[in-house]
Amino acid sequence: LDRMPVFNKLSPMPTHIIHSTLSRAADTAAILNQDRNVAMIANYNLREIDAGEWAGMDSHEVKQKWMDSLSPPNGESLNDFAIRIQKAFNEILSKDDYSTPLIVAHGRIVNAIDTIYKIPMRSLQVQNCEILKFIPSTKNQYPWDVYKCDLRDGKIIEELTDWSQT
């Protein structure tokens with residue numbers, strides 16, 4: 001896992017790892033935690049959006065359908081997905097003992113957050129195993145400053161992403 005060195009240098013270290021129940025997120029969480037022994041909690045509501053009949057289609061075609069605000073037949077609308085993600089975040093953020101949670105989930109969550117805060121759908125892409133740090137902010141419509149965490153010369157570098165500029 002190429003993000004392991006970044007995770008190992010995070011400060012503060014997460015108090016809890018809350019992850020999607022889907023295996024790719026759960027497995028990633030377990031790998032990140034193998035030397036840390038941080039409390040891990042599976043959260044069903046952090047699952048990826050249900051793409052219904054779009055599952056297995058060309059990813060560029062599906063991305064365009066989402067950008068056009070279409071919903072997949074026999075799947076989940078972006079609004080329903082956003083409600084589910086908001087429920088998960090509210091649950092996580094309301095727990096006093098989760099002072100520094102690490103959420104291991106899926107990239108489409110960014111679009112759910114946009115939907116929650118009534119920000120037009122953006123073509124944002126989260127890279128596989130990318131580590132993002134969300135810091136509360138009141139400067140923009142988007143309620144967080146979002147930093148991409150990376151490792152350079154053995155040190156954590158936090159770069160403000162474009163997501164915070166709305």
Side-chain angles (χ1 to χ4, degrees), residues 1-51 55-56 59 66 75-76 78 80-117 119 122 124-140 142-166:
L1 189 67
D2 66 343
R3 294 291 172 200
M4 186 66 92
V6 178
F7 176 76
N8 285 335
K9 290 191 179 266
L10 285 178
S11 180
M13 182 53 65
T15 55
H16 294 75
I17 299 175
I18 301 98
H19 60 85
S20 162
T21 56
L22 296 179
S23 63
R24 62 186 182 273
D27 292 349
T28 299
I31 291 167
L32 287 173
N33 198 32
Q34 65 189 0
D35 295 328
R36 293 290 176 185
N37 202 26
V38 174
M40 289 185 40
I41 297 100
N43 187 309
Y44 185 77
N45 284 325
L46 290 175
R47 296 178 333 281
E48 180 62 282
I49 192 168
D50 179 354
S59 63
W66 289 123
E76 187 173 26
L78 190 55
D80 288 344
F81 176 58
I83 290 168
R84 177 166 54 82
I85 294 303
Q86 185 171 26
K87 180 179 176 183
F89 277 34
N90 287 345
E91 180 183 322
I92 293 164
L93 296 173
S94 70
K95 298 201 183 268
D96 292 335
D97 59 334
Y98 289 10
S99 62
T100 310
L102 175 73
I103 297 173
V104 180
H106 310 278
R108 190 64 60 193
I109 284 180
V110 172
N111 299 124
I113 295 171
D114 283 353
T115 300
I116 292 165
Y117 292 99
I119 296 170
R122 298 178 281 176
L124 301 174
Q125 187 62 42
V126 176
Q127 300 303 313
N128 192 34
C129 295
E130 188 168 43
I131 297 178
L132 302 172
K133 187 177 201 176
F134 288 70
I135 305 293
S137 173
T138 57
K139 296 183 286 190
N140 300 305
Y142 202 68
W144 294 286
D145 285 334
V146 182
Y147 296 86
K148 178 181 176 183
C149 298
D150 220 335
L151 197 62
R152 291 195 196 123
D153 298 322
K155 295 180 182 174
I156 290 282
I157 303 296
E158 295 179 0
E159 294 179 358
L160 188 63
T161 67
D162 293 340
W163 304 351
S164 306
Q165 307 307 313
T166 300

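Keep in mind it's a predicted model, so treat the numbers as computed, not measured.
Looking only at side-chain heavy atoms (C-beta outward), Thr15 and Asp97 stay at 4.5 Å or farther from each other. When side chains are defined from C-beta on, Trp144 counts as touching Ile113, because their heavy atoms get closer than 4.5 Å.
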Return a table of donor-acceptor pairs under 3.5 angstrom between the side chains of residues 29-44 and protein atoms on other chains or two or more places apart.
| from | atom 1 | to | atom 2 | distance (Å) |
| --- | --- | --- | --- | --- |
| Asn33 | OD1 | Asn37 | N | 3.2 |
| Asn33 | OD1 | Val38 | N | 2.7 |
| Asn33 | ND2 | Val38 | O | 2.8 |
| Arg36 | NH2 | Asn8 | O | 2.9 |
| Asn43 | OD1 | Asn45 | N | 2.9 |

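Here the closest heavy-atom approach between residue Glu158 and residue Cys149 is recorded as CG-SG, 4.0 Å. When every heavy atom of Ile18 is checked against every heavy atom of Ile92, the shortest pair comes out as CG2-CD1, 3.6 Å. The two residues Lys95 and Glu91 have their closest heavy-atom pair at CG-O, 3.3 Å. Annotation for Ala82 and Ile116: closest pair O-CD1, 3.5 Å, computed over non-hydrogen atoms. Across all their heavy atoms, Ser20 and Ala25 have their closest contact at CB-CB, 3.6 Å. Shown here for Arg47 and His106, the closest heavy-atom pair between the two residues is C-CD2, 3.8 Å.
Thr115 OG1 to Asp80 CG: the interatomic distance, rounded to the nearest 0.5 Å, is 11.0 Å. In this structure, the separation between CD1 on Ile109 and CZ on Arg84 is 8.0 Å, given to the nearest 0.5 Å. Here the NZ-CD1 distance, from Lys9 to Ile131, works out to 13.0 Å after rounding to the nearest 0.5 Å. To the nearest 0.5 Å, the span separating OG1 on Thr100 from CG on Leu10 amounts to 10.0 Å. To the nearest 0.5 Å, atom CG of residue Leu102 and atom CD1 of residue Ile17 are 5.5 Å apart. How far CD1 of Ile85 is from CZ of Arg108: 12.0 Å, rounded to the nearest 0.5 Å.
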| said: Checking Leu46 against Thr21 for the side-chain contact (heavy atoms from CB on, under 4.5 Å) test, could you report, in this order, the C-alpha distance in whole Å, the side-chain angles of both residues, the deciding distance, and whether it holds? | reply: CA-CA 7 Å; Leu46 290 175; Thr21 56; over 6 Å; no

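For residues 82-105, the set of pairs meeting the ring pair (Phe, Tyr, Trp, His ring centres under 6.0 Å) definition, not counting sequence neighbours, comprises His16-Tyr98.
Salt bridge Glu159/Arg152: present, at least one basic N to carboxylate O contact under 4.0 Å.
Within the 3.5 Å criterion, the main-chain N or O of Asp145 finds no donor-acceptor partner in the side chain of Ser137.
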